[in-house]
Amino acid sequence: MALPSDLKQGTVVQVVRTDNVVQRFPELIGKLATIDKVPVYPSTWFTVKILQQPARTVKMQPTALKVASISPKFASNDENVPVKNR
């Protein structure tokens, strides 16, 4: 389980097995996701974007998330290449 203070927008997390996840999203256990929106007090539900298939956005409590020890590999493209010095 990740501490809510560790879960910031853009953080890569992994969905872990909890009773709530087993009942609502059993197919997402072990999947990687990114934090899309952090909750505003008193809410405790994070909006996460699942990075693997089935890709979608869901709301989860921090007990269902752990900070991923690995980050997904993104394909590079020309937009990410720095402009050479002239």
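Scope of the values below: all heavy atoms of this structure, side chains included, with no hydrogens, waters or symmetry mates. Numbering of residues begins at 1 and proceeds along the displayed sequence. A quick note: this is a predicted structure, and the numbers were derived from the prediction, not measured.
- When hydrophobic clusters are built by joining Ile, Leu, Val, Met, Phe, Trp and Tyr residues whose side-chain heavy atoms come closer than 4.5 Å, directly or via intermediates, V22 is grouped together with V15.
- L28 places a side-chain heavy atom less than 4.5 Å from the side chain of M60.
- Considering only heavy atoms from C-beta on, V67 stays 4.5 Å or farther from V12 through its side chain.
- Every residue meeting the side-chain hydrogen bond (donor to acceptor under 3.5 Å, both in side chains) condition with T47, not counting sequence neighbours, appears here in chain and number order: K59.
- When all heavy atoms of K31 and Q53 are compared, the closest pair comes out as NZ-O, 2.9 Å.
- Contact check for V58 versus I50: side-chain heavy atoms found under the 4.5 Å cut-off.
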Next on the checklist: Determine whether K37 and I35 satisfy the following criterion, side-chain contact (heavy atoms from CB on, under 4.5 Å), listing intermediate values before the conclusion.
Outcome noted: CA-CA 6 Å; K37 294 181 185 174; I35 303 293; over 6 Å; no
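- L7 has its side chain within reach of F46: a pair of non-hydrogen atoms, C-beta onward, lies under 4.5 Å apart.
- Taking the side chain as every heavy atom from C-beta outward, T34 and V13 never approach each other to under 4.5 Å.
- For the pairing with L65, the side-chain contact (heavy atoms from CB on, under 4.5 Å) check across V48, V16, V21 returns one residue only, V48.
- When the salt bridge (charged side-chain N to carboxylate O under 4.0 Å, His left out) test is applied to R56, the partners found at least two apart in sequence or on another chain are E27.
- The side-chain hydrogen bond (donor to acceptor under 3.5 Å, both in side chains) test applied to Q9 returns no partner, not counting sequence neighbours.
- Side chain of S43 to backbone of V40: no donor-acceptor contact under 3.5 angstrom is found.
- Between A68 and L32, the closest heavy-atom pair is CB-CD2, 3.8 Å.
- Applying the side-chain hydrogen bond (donor to acceptor under 3.5 Å, both in side chains) test to residues at least two apart or on different chains, none of the pairs has a partner in residues 12-21.
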